[in-house]
Amino acid sequence: MAATQAKEASITKKVWQLADIMAGAGVGFTDYLTQLTYLLFLKMDRERVDFFLEESSVPNGYRWEDLLKETGEDLLQQYEQTLDVLSRQTGLVGTIFTRAANRIESPVYLEKLVSFIDKEQWLLMDGDVKGALYESILQKNGQDKKSGAGQYFTPRPLVDAIVDVVNPQIGETVTDPACGTGGFLLSAFSHMKDQSMDEKKQWFLRNKALNGYDITPLVVTMGSMNMYLHGVGLNSSPIKCEDSLLREPTELVDVVLANPPFGARPSGSVQINRDDFIVETKNNQLNFVQHIMSLLDRGGRAGVVLPDNVLFEREGAEIRKKLLTDFNLHTILRLPTGIFYAQGVQTNVLFFKKGEETKDVWYYDYRTDVKHTLVSNPLTRKDLDDFVKCYSSDDLSKRQETYDKDSNPNGRWRKYSKEELLKRDQINFDITWMTEAKSEEENLTMDDIFERMAERVQTIQNAFSKLQKELHHEL
């Protein structure tokens, strides 16, 4: 174990050192990460031929050994030709190299990266080492505010807690219709992989059980590589580059885990026109909720991260009604700001099951009096232990409120009946019952102070933008 951790730490250090060198040459972190991905895949393809006598999945003339033959400008030319050819392939290769392009203009720096990757035997590393290394790079990229990659990254402690309570079982199908770099899918894989050693179930888990979709080619590349390094989708990527909202699902699934992108649909996107949607709206999150409702098989269950507006937006009233009448919307987890790389975001996790009516909606308020910052007090899995305990995933009938009007009015775990919610104006799910405590002066670093200031500014800007849209709608 210690040797494995030391190996991972050593390689990670080299990855960061190279990143710094590349940055000096004007290669941004996201570009560096994608070039690392392309080269790493080619090297591992070569290792599959050498160590396991498998056939290469890469066409002749564009393999790892072809790069090693070249130096200087010839290497640069060979690399660019390789990316061009592989971007037009089908299967896993075509997915990994989706719209691939070279971002390293200097042959010297390309040689450094090729040399670094060539020195390691990546395929012989433990899968957890390769996967953990790549995930750490993705996380660092998500923290880079300049790259804008934070929008694709859900904090791992939150992902793991959601997966723990939804509790996917080996043999079930799991889909993320806005998968980013694959965090939910890999957490589900980790949750299921030790549930059975049956060979057929393991094959199904690694090749058929998991599916993801994302609209951004670069993210699909990184997500596919992330899965590949964990031993998932070795022949065909489980992640596809497509807009999952454009068409009705052709196959229903057992579990949906997702954190759909915040904000409106990208400008220039194809208009959504689906017969299975009960509301026509430009609200991206409401459309994803409707898509997930359609995507679930009867008895299927979902855990979905959604912004506050989904709870109260007036055009979502009919969707919320359907969640109460045609689904069992049994749990809403309210989250604080300070846990996402996108600042000022107020979110919730909605948990629901298809084919049952809601009786009660249980709320867990992990927002009131909860202060997290990315710098000095980031969210940890332990922070969500009480929620997981209250959730009682083994038997929802065992749930007991911690809220009591007289003895514990600030209890975080409280239920509301379906009838109570249906009577609320616009079927508004945006409920708060706890009161903020007057805390003593907190020990905050300057980074924390600026981070909170930025969050508040962003929250005000979001509210102002929403008000502008409302006024425009009225006119």
Side-chain angles (χ1 to χ4, degrees), residues 1-19 21-22 29 31-59 62-70 75 78-79 82-83 86 89 91-98 100 102 104 109-141 181-182 185-186 189-190 193 206-207 220-239:
M1 182 67 177
T4 298
Q5 290 176 337
K7 179 73 171 176
E8 181 185 332
S10 173
I11 296 174
T12 302
K13 184 179 179 181
K14 291 176 185 176
V15 168
W16 300 145
Q17 287 173 342
L18 268 173
I21 292 171
M22 294 291 178
F29 198 88
D31 288 336
Y32 166 64
L33 176 55
T34 55
Q35 307 310 305
L36 184 72
T37 299
Y38 301 148
L39 293 168
L40 192 55
F41 181 85
L42 290 172
K43 176 60 160 60
M44 291 178 66
D45 178 78
R46 178 70 245 173
E47 290 177 359
R48 288 190 181 282
V49 175
D50 291 341
F51 301 148
F52 301 108
L53 305 179
E54 295 180 7
E55 286 190 18
S56 173
S57 57
V58 178
Y62 304 100
R63 298 174 178 171
W64 183 251
E65 57 268 30
D66 297 305
L67 286 177
L68 293 181
K69 294 174 185 175
E70 310 294 349
L75 171 62
Q78 174 66 28
Y79 181 53
T82 298
L83 297 184
L86 299 188
Q89 298 298 301
L92 178 63
V93 173
T95 305
I96 293 287
F97 291 87
T98 301
N102 177 33
I104 305 175
Y109 291 104
L110 181 57
E111 284 180 18
K112 284 181 181 291
L113 194 52
V114 169
S115 176
F116 160 67
I117 292 173
D118 193 52
K119 287 176 183 176
E120 302 292 340
Q121 293 182 335
W122 300 89
L123 208 57
L124 298 185
M125 284 183 204
D126 183 270
D128 290 339
V129 173
K130 295 193 296 285
L133 167 65
Y134 197 74
E135 280 194 81
S136 72
I137 300 170
L138 291 175
Q139 181 170 353
K140 189 174 181 70
N141 192 43
T181 54
L185 296 177
L186 283 171
F189 169 72
S190 179
K193 69 178 182 179
R206 292 175 184 273
N207 295 282
V220 170
T221 290
M222 293 189 287
S224 298
M225 190 64 181
N226 201 13
M227 304 293 283
Y228 181 76
L229 291 173
H230 282 84
V232 178
L234 297 182
N235 297 312
S236 177
S237 174
I239 298 177

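Reckoned from all heavy atoms, side chains included, excluding hydrogens, waters and symmetry mates.
Checked by atom type and distance alone, the side chain of D45 pairs as donor or acceptor with a backbone atom of S57 at under 3.5 Å. The backbone N or O of L92 lies less than 3.5 Å from no partner atom in the side chain of S236, so there is not a single donor-acceptor pair. One N or O on the side chain of T34 and one on the backbone of D31 form a donor-acceptor pair closer than 3.5 Å. Side-chain atoms of D66 come within 3.5 Å of backbone N or O of Y62 as a donor-acceptor pair.
Annotation: side chain of M225 is not in contact with side chain of I239 (no heavy-atom distance under 4.5 Å). At a threshold of 4.5 Å between non-hydrogen side-chain atoms, the residues P238 and N207 do not count as touching. Considering only heavy atoms from C-beta on, L40 comes within 4.5 Å of L229 through its side chain.
With hydrogens and angles left out, the side-chain atoms of N226 and T181 include no donor and acceptor closer than 3.5 Å. Checking S237 against S224 by side-chain atom types alone, a donor-acceptor pair falls below 3.5 Å.
The two residues L39 and W64 make their nearest non-hydrogen contact at O-CZ3, 3.5 Å. Looking at every heavy atom in both residues, E120 comes nearest to K14 through OE2-NZ, 3.4 Å. Scanning all heavy atoms of the two residues, the minimum distance from T82 to L42 falls at CG2-CD1, 4.1 Å. What you find for I117 and K43 is that their closest heavy atoms are CG2-CB, 3.6 Å. Residue E47 comes nearest to L123 through the heavy atom pair OE1-N, 2.5 Å, listed as atom of the first residue, atom of the second, then distance. In terms of heavy atoms, R206 sits closest to G231 at NH1-O, 3.2 Å.
Remark: Q78 CD to L110 CG distance equals 10.5 Å, nearest 0.5 Å. Atoms CE and CG, on M44 and L234 in that order, are 8.0 Å from each other to the nearest 0.5 Å. Atom OG1 of T95 sits about 12.5 Å away from atom OH of Y228, to the nearest 0.5 Å. Considering NZ of K193 and CG of L186, their distance stands at 9.5 Å, rounded to 0.5 Å. We find the CD1-OH distance between I104 and Y38 to be 11.0 Å, quoted to the nearest 0.5 Å. Put simply, CZ on R48 and OG on S56 are 11.0 Å apart, with the number rounded to the nearest 0.5 Å.
Between E65 and K69, no side-chain nitrogen of the basic residue sits less than 4.0 Å from a carboxylate oxygen of the acidic one, so the salt-bridge criterion is not met.
Classification of the F41-F97 ring pair by plane angle, with boundaries at 30° and 60°, yields perpendicular. Ring planes of F29 and W16: tilted class, angle from 30 to 60°.
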What verdict does the side chain to side chain contact (heavy atoms under 4.5 Å, CB included) test give for Y134 and V15, after you've listed the backbone C-alpha separation in whole Å, the side-chain angles of each residue and the deciding distance to 0.1 Å? CA-CA 10 Å; Y134 197 74; V15 168; over 6 Å; no
Let me see the working for V49 and R63 under side chain to side chain contact (heavy atoms under 4.5 Å, CB included), right down to the final yes or no. CA-CA 11 Å; V49 175; R63 298 174 178 171; over 6 Å; no
